[in-house]
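Data block below; observations after.
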Amino acid sequence: MSAPLLSISRRTRSTPFTRRVEAAGVRAYTVYNHMLLPTVFRSLEEDYWHLREAVQIWDVACERQVEIRGPDSARLVQLLTPRDLSNMPVGQCFYTPMVDETGGMLNDPVTLKLADDRFWVSIADSDLLLWVKGLAAGLRLDVAVEEPDVSPLAVQGPKAEDTVAAVFGEQVRSIRFFRFEPMLLDGQEYIVARSGYSKQGGFEIYLQDSTHGEALWDAVVEAGEPHGIRAGGPNLIERVEGGLLSYGNDMTRQNTPHECGLGKFCQTADAIGCIGRDALIRVIMEGPQRQIRGLRIDAQGLPFTIQPWPVTAQGVGAGQVTSSAWSPRLEATVAIAMIERDFWDAGTAVTVETPLGPRPAEVVNLPFE
Ligand code: THG
């Protein structure tokens, strides 16, 4: 039996890089922010090893930007998140949990401060633009909120710095983690940030004019050739090992940032104006009832986690597995799970009700190792 195909149309938006991605032999897409996101080129495992050893170019245009500009922009961005943005400098990226009035997670974007009155919220897979537009209109704020023609291209892996330096110049080597600088290439401005959805290090290059997408792709591939660059994408094995969360998979509106282990990115008491502030202050006083953990599952050949898999311990509910993958390096199935408080200590033995039947597993702290 062959796997079902994805029907692609205008709604599953293509990106400025899609033609290059297809020429590179993409084997699988997912849909993210109503846009194509390449996930597999050779195989999940081959792509995984190559990402750890060399350098990859990723079409992550689906990380759409919600641009907020105007006199009330700093006020509006602080409404969205319990992270205190009052001392955020221009040129900084912040990982920012965003919550509703109940403290439920709406998105976990990277926020870039371009100027005192201009921000990009680089979103995960939920329609945050509608929430931000609704708040701006409802509160009659003096801002413009739009999705601009901006498409991130990620360069990830141990040879990413050499590759991006060969494109934009040696100055990129001095860009610190989660900082960005505007850089010029053939008269076009790109925002170059040291960031990206892997733990292998690298950069994200924000293209600001779709018509230059293929030229940017070609320049990166040419610069990366001596380092063995290939097309890749956010890799399931690598991101589960690294403990990078996926909104909609590992967390939803039903979870608070504290359940997601994102409490370290919240300064709720200082986040004056944050819409979920009162709800989150109550959550902090009670303490979370469940939290994200790693699981090392004693099983091989499991399918993708399409629905959460129940986790039990001594016959009672202990949580659920939300993402998993076979790690060829750790020779185990690694997983991200939401685990109830009584069972969340590292070393706790649990059982995962997988599609292949119950399998033993151990709670571990993230990232793996
Ligand atoms: N880059 C950009 N936009 C994005 C993502 C990205 N939007 C969608 C999605 N990814 C948002 N989610 C994440 C999740 C984790 C991280 C970034 C975005 C991340 N976390 C680091 C970690 O957990 O090790 C560190 C964060 C920190 O220390 O501040 O990088 O990848 N543009």
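Whatever order the structure lists ligands and atoms in, that order sets their numbers, starting from 1. The figures here come from the full heavy-atom set of this structure, side chains too, leaving out hydrogens, waters and symmetry mates.
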Ligand 1 N/O to protein N/O, distances under 3.5 Å:
residue	atom	partner	partner atom	Å
ligand 1	1 (N)	Glu63	OE1	3.4
ligand 1	1 (N)	Glu204	OE1	3.0
ligand 1	1 (N)	Glu204	OE2	2.9
ligand 1	3 (N)	Glu63	OE1	3.4
ligand 1	3 (N)	Ser122	OG	2.7
ligand 1	7 (N)	Ser122	O	3.0
ligand 1	7 (N)	Ile123	O	3.4
ligand 1	12 (N)	Asp108	O	3.3
ligand 1	12 (N)	Asp108	OD2	3.3
ligand 1	24 (O)	Lys199	NZ	2.5
ligand 1	31 (O)	Tyr197	N	3.4
ligand 1	32 (N)	Glu63	OE1	3.4
ligand 1	32 (N)	Ser122	OG	3.0
ligand 1	32 (N)	Glu204	OE1	3.1
ligand 1	32 (N)	Tyr206	OH	2.8

Arg230 NZ/CZ over Phe41 ring centroid, <6.0 Å and within 45° of normal
no

Does the distance from a Lys or Arg side-chain N to an Asp or Glu carboxylate O, for Glu67 and Arg118, drop under 4.0 Å?
yes

Check this for me: does any side-chain nitrogen of one of Arg27 and Glu46 sit under 4.0 Å from a carboxylate oxygen of the other?
no

Any donor-acceptor pair under 3.5 Å linking the side-chain atoms of Gln267 with those of Arg83?
no

Below 4.0 angstrom, N of the basic side chain to O of the carboxylate: do Arg173 and Asp162 qualify?
yes

Less than 6.0 angstrom separating the ring centers of Tyr206 and Trp120, yes or no?
yes

